[in-house]
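The figures that follow rest on heavy atoms only: side chains count, while hydrogens, waters and symmetry mates do not. Start at 1 with the first residue, then count along the sequence.
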Amino acid sequence: REPARGEHDSFQHFVPEAEKRCIMKKKRVTFEDIAKYTNFSKTTISRYFNNPDSLTLENQQIISDALIKLNYQENKVARILANGKTEFVGIIVPNLYLHYYSEILNQILLTYEEFGYKFLVFIGNENEEIERQYIRELMAYKIEGLIILSHTIPSRELADLKVPIVTIEREDTYVSSVNTDNYMGG
């Protein structure tokens with residue numbers, strides 16, 4: 001017997017087997033494909049991603065199983081366009097040959113698992129014009145923040161960028177900074 005609309009028994013739905021195979025072979029699975037496969041609306045599929053608590057646990061499980069079965073891979077670009085958040089943070093490092101900078105960079109990159117931000121790292125080689133070019137490039141990516149370890153660009157100029165900025169171990173008159181007291185610490 002065919003299940004009534006809205007009745008779900010694993011993956012036994014109204015979608016004919018041939019169409020299910022076609023969906024599974026597509027290069028990129030869309031919300032429409034998932035909706036068709038699960039017999040839910042595209043709105044319900046969207047709610048699964050944006051507000052899963054608005055769905056019953058049973059419906060969450062049906063959609064989750066379908067994502068696995070269809071080999072769904074999230075389209076990060078679509079998500080960025082939909083919510084305007086890139087989750088990108090830019091980092092300007094003067095060099096990596098000094099252990100100090102490579103270790104600070106390593107510690108920043110380790111925060112990905114906890115906070116989920118992705119990092120776009122540029123090495124400025126202590127060249128002010130190159131670093132300005134990198135900052136323009138980062139701003140074009142709509143970064144959500146900027147971490148500066150370099151000393152070349154004045155904090156006044158950085159403060160005008162209209163994104164949260166944290167500098168590390170440098171002049172910080174106009175921006176937030178993390179600094180150590182080498183005199184007291186030594």
| said: Does E113 have more than 12 heavy atoms from other residues, nucleotides or ligands lying within 6.0 Å of its CD? | reply: no
| query | Are E169 and V178 close enough, and set up right, to give a side chain to side chain contact (heavy atoms under 4.5 Å, CB included), and what steps lead you there? | reply | CA-CA 6 Å; E169 296 294 345; V178 176; 5.8 Å; no
| Crowded around Y141 OH? As in, over 12 foreign heavy atoms under 6.0 Å? | no
| side chain to side chain donor-acceptor pair (under 3.5 Å) between E126 and T152, intermediate numbers included | CA-CA 6 Å; E126 300 175 37; T152 61; over 6 Å; no
| query | Can you find a heavy atom in the side chain of M139 that is under 4.5 Å from one in the side chain of V163? | reply | yes
| Any side-chain heavy atom of Y100 sitting closer than 4.5 Å to one from I168? | yes
| query | Would you say the side chains of D65 and Q61 form a donor-acceptor pair under 3.5 Å? | reply | yes
| request: Taking D33 for its side chain and T30 for its backbone only, find out whether a donor-acceptor pair lies under 3.5 Å. | output: yes
| said: With no hydrogens and no angle check, just 3.5 Å: does a side-chain donor-acceptor pair link E129 and Q133? | reply: no
| query | Should I153 and E128 be marked as a side chain to side chain contact (heavy atoms under 4.5 Å, CB included) after you check the CA-CA gap, both sets of side-chain angles, and the distance that decides it? | reply | CA-CA 6 Å; I153 301 173; E128 193 172 335; 4.1 Å; yes
| query | Taking the side chain as C-beta and beyond, is there a heavy-atom pair between R132 and I135 under 4.5 Å? | reply | no
| query | Going through the distances and angles, do T111 and F119 end up as a side chain to side chain contact (heavy atoms under 4.5 Å, CB included)? | reply | CA-CA 10 Å; T111 66; F119 300 100; 3.5 Å; yes
| With distance as the sole test, does N125 use its side chain to make a donor-acceptor pair with the main-chain N or O of N127 at under 3.5 Å? | no
| remark: By side chain to side chain contact (heavy atoms under 4.5 Å, CB included), Y134 pairs with (sequence neighbours left out) I92, F122, I130
| query | Just wondering, do Y72 and Y37 contact through their side chains at under 4.5 Å, heavy atoms? | reply | no
| Value rounded to 0.5 Å, distance of CD in E74 from CZ in R28 | 10.0 Å
| message | Any side-chain to backbone donor/acceptor pair from K118 onto G116? Under 3.5 Å, distance only. | response | yes
| message | Taking the side chain as everything from C-beta on, heavy atoms only, tell me whether Y48 gets closer than 4.5 Å to S64. | response | yes
| said: Within this structure, what is the CD1-NZ distance for the pair I45 and K36, rounded to the nearest 0.5 Å? | reply: 13.0 Å
| said: Could you see if I143 belongs to whatever hydrophobic cluster contains I108? Use Ile, Leu, Val, Met, Phe, Trp, Tyr and a side-chain cutoff under 4.5 Å. | reply: no
| Does a sphere of radius 6.0 Å around OH in Y117 hold more than 12 heavy atoms from other residues, nucleotides or ligands, not counting ones at 6.0 Å or beyond? | no
| Do you reckon L120 sits in the same ILVMFWY cluster as L161, going by side-chain contacts under 4.5 Å, direct or chained? | yes
| Applying the side chain to side chain contact (heavy atoms under 4.5 Å, CB included) test to L105, which of I123, I91, I147 qualifies? | I91
| said: Quick check: is F40 connected to F49 through a chain of hydrophobic side chains (ILVMFWY, heavy atoms under 4.5 Å apart)? | reply: yes
| Minimum side-chain heavy-atom gap V93-I148 below 4.5 Å | no
| Check against side chain to side chain donor-acceptor pair (under 3.5 Å), N179 and D172 | CA-CA 9 Å; N179 293 307; D172 60 356; 3.0 Å; yes
| CD/Q73: more than 12 non-hydrogen atoms of other groups inside 6.0 Å | no
| message | If we ignore hydrogens and angles and just use 3.5 Å, is the side chain of R170 paired with the main-chain N or O of L149 as donor and acceptor? | response | no
| field | Any donor-acceptor pair under 3.5 Å from H151 side chain to P94 backbone | value | no
| message | Quiz question: by atom type and distance under 3.5 Å, do the side chains of E157 and S155 form a donor-acceptor pair? | response | no
| CA sep, side-chain torsions, deciding dist, call: L146, L138, side chain to side chain contact (heavy atoms under 4.5 Å, CB included) | CA-CA 9 Å; L146 186 57; L138 288 166; 3.8 Å; yes
| said: For R47, is there any backbone N or O sitting under 3.5 Å from a side-chain donor or acceptor partner on N51? | reply: no
| Taking side chain as C-beta onward, heavy atoms only, is F88 less than 4.5 Å from E144? | no
| Closest approach of I34 to L67 (non-hydrogen atoms, all atoms of both residues) | CD1-CD2, 3.3 Å
| task | Assess whether atom CG of L110 is packed by more than 12 heavy atoms of other residues, nucleotides or ligands within 6.0 Å. | result | yes
| task | Ignoring hydrogens and angles, tell me if any N or O in the side chain of N59 forms a donor-acceptor pair with the backbone of I62 under 3.5 Å. | result | no
| message | Between S41 and T44, do the side chains contain a donor N or O and an acceptor N or O under 3.5 Å apart? | response | yes
| Within the distance-only criterion (no hydrogens, no angle test), does the side chain of E32 pair as donor or acceptor with the backbone N or O of K42 below 3.5 angstrom? | no
| request: Give a yes or no on whether K142 atom NZ has more than 12 heavy-atom contacts from other residues, nucleotides or ligands under 6.0 Å away. | output: no
